[in-house]
Amino acid sequence: MARRSRGRLALVGAALAAVTAGLLPAAAAAGPDGRGGEHRPSDRGLSAVIRYTEYGVPHILADGYADLGFGTGWAQAADQVCVLADGFVTVNGERSRHFGAAGAPDGSLSSATSNLSSDLYFRGVEEAGTVEELLRTPAPAGPSRELKELMRGWAAGYNAWLRKNRITDPACAGASWVRPVTALDVARRGFAVSVLGGQGRAVDGIAAARPPAAPAARTREGDVDPERTAEAARALFAPSNATMGSNAVAFSGATTANGRGLLLGNPHYPWQGGRRFWQSQQTIPGELNVSGASLLGTTVVNIGFNDKVAWSHTVATGVPMNLHQLTLVPGDPTAYLVDGKPERMTARTVTVADRDGTPVTRTQWWTRYGPVTSGLGASLPLPWTATTAYALNDPNAANLRGSDTALGFARARSTRDVAETLRRTQGLPWVNTIAADSSGHSYFSQSQVLPRITDELAERCSTPLGRVVYPASGVAVLDGSRTECALGSDRDAVQPGIFGPSRMPVLRDAPYAVNSNDSAWLTNAERPLTGYERVFGTLATPRSLRTRGGIEDVAGMAARGRLTVADLQRQQFANRVPAADLAAADVVAACPAALPAEPEACRVLAAWDRTMDSDSRGALLFDRFWRRFTAAVPAARQWKVPFSAADPVRTPRGLDTGAAGFATALADAVAELRTAGIELDAPLRDHQFVVRGGERIPVSGGTESLGVWNKTEAVWNPSDGGYTEVAHGTSHVQAVGWDGGRCPVARTLLTYSQSSNPASPHHADQTALYAGERWVTSRFCEKDILRSPALKVVRVRG
């Protein structure tokens, strides 16, 4: 160990000597804000070297995991201190105190609709010692020693930046809520990310759940409408309604120009708030060298590449939670029956302070299955009556292993190592993994931490409500009154009640493996994946237009062959509209009859190039029509040729222009643009843009309903010019391959740029690149880092 440490120190020292031995002008040894980069040591002991290259990307060099965490925490704070500080207020249950109980979080760490419900939930987690218990759990069920060191270092680095720098971001400059954090705070933030798909969806319901005031006032189970609840659950978990999604494709060497793998990752995440990505390279010489993107507040690279392997994630269709329907003890709504014997709920009394100091106290109720919840959002109420209550089981509430999975990927040398990491850590809560390697292998796995709901168990133990809800949505509602309905365990699972790795959908070495947030079924249309349980997702059901368009694109690319990284870059910005390829000709043919007084509209639609490029004319008109048409006409009535599982990529098709609502949608779209003063053939760039520093930056891409790979979900504000901000969509993009040399061939793009601070030079620089469909050439190897004309070196110490 001592020899290894001395070796690392020598490598770090050599790297530092290289960048300080006359290779840089004196002004280069500065932070991204232009201030001096040397910080005097204190008694805190941790240190790192941060080399900034173009667009403010930090390359963090450290001697060990704690030092690497230190450099990462420092660098994240430099770019995103206000967003990070806001998140720590959230996980510490102090939003009401600082921002008022009636205010609302940004939605990045839970679904809470008010600061009060957010605080009650997270304060409850804190007072129960949930995260502390997980940290004490030995690996592999608990976090590794390396991860704990990263968290310790990250907190120290964040705190050191706060001590030594003045905050210039107006979002939190001078704010009392920007405070030092602990490693436990970092772990709590990781916990919040882990439970986003489970307890995080039910924060309001957990905080609001109350036993009925009058036990005699009985309510029958039938008062929960199964059909309505099933539809609400289906909509809640539908990828088309999510604020997170992604595309990713891995090509095997059989399709590429040099026999090596290729990977294109295109996550669709929020453009504002705490679920942003942030770019970096993390290096411990001889141990770890990885580049990519991290979710803010995490200590590792979540999506990235090294010199041998590249990987990305897509939000999966597996439902990472289930409900247990409780049969309550007559006359006592806080006790429930299990095998005929009463069992008392556990009361957790939680108190939080409002902004004026007024204490607010609530009681949460917990069972052997998890917390009682009064619903999964406003659209899916689960009333607690005198006879029935619902408890939520979230296996990711016992999972802090996600960052260990990312660490394993960072150290992987092949897709086989990626698979082994997933088998060993079992830490991903709500995403698929797609990977490629320099030897030409491709890989897909839906390795999620999911409740062990087999179809057999659901058939045997679903309540009447569950028999309707589970097939429609994948949300199981099990009979909590019978121990025979417990989830059980797989022998290869690291924690009870989840599926083991052998049960996961996996595809190895297909010519292409692609996912766009549908289930694993058509990861490769020629090699469909089957045999998995319903909780993982559906089989032989209609695919989204984005999935269908993506399969057409990448299957065509694979068939052509001789692929390179440049082909991945072209795919990212093709901006093809699958909805238009299926429907535009029908719309144009029906337009004269539907709009006899608007020949210009018909001419514009006929001339449109069927893309959502910034220069496309007619794109905005079709977009506004399509949104109205798909909202007004049920999916089953939109097409003449219905879906066929035997032809899932090409069906349904043939737009039914005779459907009630077609002509109205077209007329309303024309009227909407005319009322807003927008020309029908105006180029998209004039009306789909973001404003940064007072400047309009055009944004290409299209919405989920259009099926565009380069997804853009923008906020419509016609009085201000059209789509004036992006809510969520394309975020961190990476196109990665290998050419036989020591350095990967990688192009990246962070659409909303590194910093949310408008005073930063890296607040909008990559957004401008995105507008021009240009990329950042990744500097992975030392020689490339040192040759950067923008190189700035910061040596940071505790």
*Asks:* Taking NZ, NE, NH1 and NH2 as the nitrogens, is one of them in Arg411 or Asp417 under 4.0 Å from a carboxylate oxygen of the other?
*Replies:*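 Here Arg411 does not pair with Asp417 in a salt bridge, since their nearest N and O are not under 4.0 Å apart.
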*Asks:* Rounded at 0.5 Å granularity, tell me how far CZ in Arg503 sits from OG1 in Thr454.
*Replies:*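 If we round to the nearest 0.5 Å, Arg503:CZ and Thr454:OG1 are 7.0 Å apart.
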*Asks:* Regarding Ser700 and Asp613, is there a side-chain donor-to-acceptor distance under 3.5 Å anywhere?
*Replies:*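 No, Asp613 and Ser700 have no side-chain donor paired with an acceptor closer than 3.5 Å.
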*Asks:* Taking it one step at a time, do Glu552 and Val649 satisfy side-chain contact (heavy atoms from CB on, under 4.5 Å)?
*Replies:* CA-CA 8 Å; Glu552 289 175 334; Val649 178; 3.6 Å; yes
*Asks:* Applying salt bridge (Lys or Arg N to Asp or Glu O under 4.0 Å), can you list everything that pairs with Glu54, at least two apart in sequence or on another chain?
*Replies:*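 Residues passing salt bridge (Lys or Arg N to Asp or Glu O under 4.0 Å) with Glu54: Arg779.
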*Asks:* How long is the straight-line distance from CG of Asp567 back to CG of Leu264, given to the nearest 0.5 Å?
*Replies:*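 Rounded to the nearest 0.5 Å, the CG-CG separation comes out at 11.0 Å.
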*Asks:* With distance as the sole test, does Asn517 use its side chain to make a donor-acceptor pair with the main-chain N or O of Val315 at under 3.5 Å?
*Replies:*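 Yes.
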*Asks:* Quickly, which of His728, His268, Glu704 forms a side-chain hydrogen bond (donor to acceptor under 3.5 Å, both in side chains) with Lys711? Name it, please.
*Replies:*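 Exactly one option meets the side-chain hydrogen bond (donor to acceptor under 3.5 Å, both in side chains) with Lys711, and it is Glu704.
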*Asks:* Under 3.5 Å, is there a donor-acceptor pair linking the side chains of Gln281 and Arg51?
*Replies:*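 Per modelled atom types, Gln281 and Arg51 side chains form no pair under 3.5 Å.
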*Asks:* At what distance, to the nearest 0.5 angstrom, does CZ of Phe409 lie from CG of Leu428?
*Replies:*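 That separation rounds to 5.5 Å.
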*Asks:* Nearest 0.5 Å, please: how far is CG in Asn710 from OG1 in Thr712?
*Replies:*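 Spacing of OG1 (Thr712) from CG (Asn710) equals 5.0 Å.
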*Asks:* Taking atom types as modelled, find out whether Asn306 and Asn289 have a side-chain donor-acceptor pair closer than 3.5 angstrom.
*Replies:*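 Their side chains do not contain a donor-acceptor pair, so the 3.5 Å distance test is not met.
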*Asks:* Measure from the side-chain N and O atoms of Thr256 to the backbone N and O of Gly259, and report whether any donor-acceptor pair falls under 3.5 Å.
*Replies:*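 Side chain of Thr256 to backbone of Gly259, a donor-acceptor pair under 3.5 Å: yes, one is there.
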*Asks:* Would you kindly say whether Arg543 and Ser519 are connected by a side-chain donor-acceptor distance under 3.5 Å?
*Replies:*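 Yes - a donor-acceptor pair under 3.5 Å links their side chains.
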*Asks:* For the residue pair Thr425 and Arg423, confirm or rule out a side-chain donor-acceptor distance under 3.5 Å.
*Replies:*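 No, no side-chain donor-acceptor contact under 3.5 Å.
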*Asks:* Got a second to check how far Leu545's CG is from Leu582's CG, nearest 0.5 Å?
*Replies:*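 If we round to the nearest 0.5 Å, Leu545:CG and Leu582:CG are 6.0 Å apart.
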*Asks:* Is Arg413 atom CZ crowded by more than 12 heavy atoms from other residues, nucleotides or ligands, each under 6.0 Å away?
*Replies:*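 Above 12, so yes.
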*Asks:* Quick one about Glu713 and Thr703 (side-chain donor to acceptor, distance below 3.5 Å, no hydrogens or angles considered), yes or no?
*Replies:*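 Side chains of Thr703 and Glu713: pair found under 3.5 Å.
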*Asks:* Should the ring pair Phe643 and Trp521 be called parallel, tilted or perpendicular, given that the plane angle runs from 0 to 90° and is split at 30 and 60?
*Replies:*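 Because their plane-to-plane angle is over 60°, the rings of Phe643 and Trp521 count as perpendicular.
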*Asks:* Do Tyr512 and Met557 have side chains that approach each other closer than 4.5 Å (heavy atoms only, starting at C-beta)?
*Replies:*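 When only atoms from C-beta onward are counted, Met557 and Tyr512 do not touch, as no gap falls below 4.5 Å.
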*Asks:* Considering non-hydrogen atoms only, spot the tightest contact between Leu68 and Leu288 and give its length.
*Replies:*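 So the two residues come closest at CD2-CD2, 3.6 Å.
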*Asks:* So, using salt bridge (Lys or Arg N to Asp or Glu O under 4.0 Å) as the criterion, who are the partners of Arg234 when residues are at least two apart?
*Replies:*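 For Arg234, the residues satisfying salt bridge (Lys or Arg N to Asp or Glu O under 4.0 Å) (neighbours in sequence not counted) are Glu231.
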*Asks:* Side chains of Thr298 and Asn302: is there a donor and an acceptor less than 3.5 Å apart?
*Replies:*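 Yes, a side-chain donor-acceptor pair sits under 3.5 Å.
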*Asks:* Atom CZ of residue position Arg424 - does it have more than 12 heavy atoms of other residues, nucleotides or ligands inside 6.0 Å?
*Replies:*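 Check passes, neighbour count above 12.
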*Asks:* Just wondering, more than 12 heavy atoms not from Arg650 lying within 6.0 Å of its CZ?
*Replies:*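 Atom CZ in Arg650 is not packed in, count stays at 12 or less.
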*Asks:* Once ring pair (Phe, Tyr, Trp, His ring centres under 6.0 Å) is applied, do any residues pair with Tyr752, and if so which ones, sequence neighbours excluded?
*Replies:*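 Tyr752 satisfies ring pair (Phe, Tyr, Trp, His ring centres under 6.0 Å) with Trp271 once adjacent residues are dropped.
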*Asks:* Taking atom types as modelled, is there a side-chain donor on Ser442 or Asp509 under 3.5 Å from an acceptor on the other?
*Replies:*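 No pair is found: no donor N or O on one side chain lies under 3.5 Å from an acceptor on the other.
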*Asks:* Taking all atoms of both residues into account, what is the closest heavy-atom pair of Ser614 and Pro698, and its distance?
*Replies:*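 Minimum heavy-atom separation between Ser614 and Pro698: OG-CB, 4.1 Å.
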*Asks:* Between Gln571 and Trp709, is there a side-chain donor-acceptor contact under 3.5 Å, judged purely by atom types and distance?
*Replies:*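 Note: Trp709 and Gln571 side chains miss the donor-acceptor criterion.
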*Asks:* Taking all heavy atoms of His762 and all of Tyr55, pick out the closest pair and write down the distance.
*Replies:*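 Looking at all heavy atoms of both residues, the closest pair is ND1-C, 3.3 Å.
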*Asks:* Using only atom types and a distance under 3.5 Å, with no angle test, would you say the side chain of Gln446 pairs donor to acceptor with the backbone of Phe536?
*Replies:*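 At least one qualifying donor-acceptor pair exists.
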*Asks:* Between Asp553 and Arg576, is there a salt bridge with N-O shorter than 4.0 Å?
*Replies:*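 Salt bridge: yes.
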*Asks:* Going by distance alone, is a donor N or O of one side chain under 3.5 Å from an acceptor N or O of the other, for Ser252 and His441?
*Replies:*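 Result is no, nothing qualifies.
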*Asks:* With no hydrogens and no angle check, do the side chains of Glu287 and Tyr65 hold a donor and an acceptor under 3.5 Å apart?
*Replies:*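 Judged by distance alone, the side chains do pair up.
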*Asks:* NZ of Lys308 to OG1 of Thr415: how many Å apart, nearest 0.5 Å?
*Replies:*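 Rounded to the nearest 0.5 Å, the NZ-OG1 separation comes to 13.0 Å.
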*Asks:* Please find the pair of heavy atoms, one from Asp623 and one from Leu706, that lie closest to each other, and give the distance.
*Replies:*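 For Asp623 and Leu706, the tightest heavy-atom pair comes out as OD1-CD1, 3.5 Å.
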*Asks:* Find out whether Asn432 and His313 are in side-chain contact, i.e. whether some heavy atom of one side chain is under 4.5 Å from a heavy atom of the other.
*Replies:*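 Heavy-atom side-chain distance check fails, nothing below 4.5 Å.
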*Asks:* With a 3.5 Å distance limit and no angle check, can you tell me whether Arg260 reaches the backbone of Gly440 through a side-chain donor-acceptor pair?
*Replies:*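 Side chain of Arg260 to backbone of Gly440: no pair is present.
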*Asks:* Pick one: which of Gln734, Gln766, Arg747 meets side chain to side chain contact (heavy atoms under 4.5 Å, CB included) with Val776?
*Replies:*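 The option that passes is Gln766.
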*Asks:* Where is the tightest heavy-atom contact between Ala645 and Ala540, given as atom of each residue plus distance?
*Replies:*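 Heavy atoms of Ala645 and Ala540 come nearest at CB-CB, 3.8 Å.
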*Asks:* On the ring face of Phe237, is Arg201 found with NZ or CZ under 6.0 Å from the centre and within 45° of the axis?
*Replies:*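 Yes, cation above the ring, under 6.0 Å and within 45°.
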*Asks:* Which atoms form the tightest heavy-atom contact between Trp430 and Gly197, and what is the distance?
*Replies:*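 Smallest heavy-atom distance, with atoms named: CD1-N, 4.1 Å.
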*Asks:* Report the C-alpha separation of Ser756 and Arg276 in whole Å, then their side-chain angles, then the decisive distance to 0.1 Å, and conclude whether the side-chain contact (heavy atoms from CB on, under 4.5 Å) test is met.
*Replies:* CA-CA 10 Å; Ser756 57; Arg276 286 169 57 124; 4.1 Å; yes
*Asks:* Could you tell me whether Asp518 and Arg548 make a salt bridge, using a distance below 4.0 angstrom between a side-chain N and a carboxylate O?
*Replies:*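 Not counted as a salt bridge, because no side-chain N and carboxylate O are separated by less than 4.0 Å.
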*Asks:* Could you give me the CA-CA distance, side-chain angles and deciding distance for Phe573 and Tyr770, then say whether ring-ring contact (aromatic ring centres under 6.0 Å, His included) is met?
*Replies:* CA-CA 10 Å; Phe573 284 112; Tyr770 181 53; 5.8 Å; yes
*Asks:* Counting C-beta onward and ignoring hydrogens, is there a side-chain heavy-atom pair between Pro285 and Thr283 closer than 4.5 Å?
*Replies:*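 In short, these two side chains touch, coming nearer than 4.5 Å.
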*Asks:* For residues Asp437 and Ser414, is any side-chain donor paired with an opposing acceptor at under 3.5 Å?
*Replies:*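 There is no such pair (donor and acceptor under 3.5 Å, judged by atom type) between the side chains of Asp437 and Ser414.
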*Asks:* Distance alone, cut at 3.5 Å: any donor-acceptor contact between the side chains of Tyr52 and Gln754?
*Replies:*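 No, Gln754 and Tyr52 have no side-chain donor paired with an acceptor closer than 3.5 Å.
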*Asks:* Which of these, Asn247, Val431, Ile434, sits in a side chain to side chain contact (heavy atoms under 4.5 Å, CB included) with Thr314?
*Replies:*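 Of all the options given, the one that passes is Ile434.
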*Asks:* Between Thr299 and Leu147, does the side-chain contact (heavy atoms from CB on, under 4.5 Å) criterion hold? Intermediate values first, please.
*Replies:* CA-CA 8 Å; Thr299 61; Leu147 180 55; 3.7 Å; yes
*Asks:* Using a distance-only test with no angle check, is there a side-chain donor-acceptor pair under 3.5 angstrom linking Gln282 and Thr72?
*Replies:*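 Side chains of Gln282 and Thr72: pair found under 3.5 Å.
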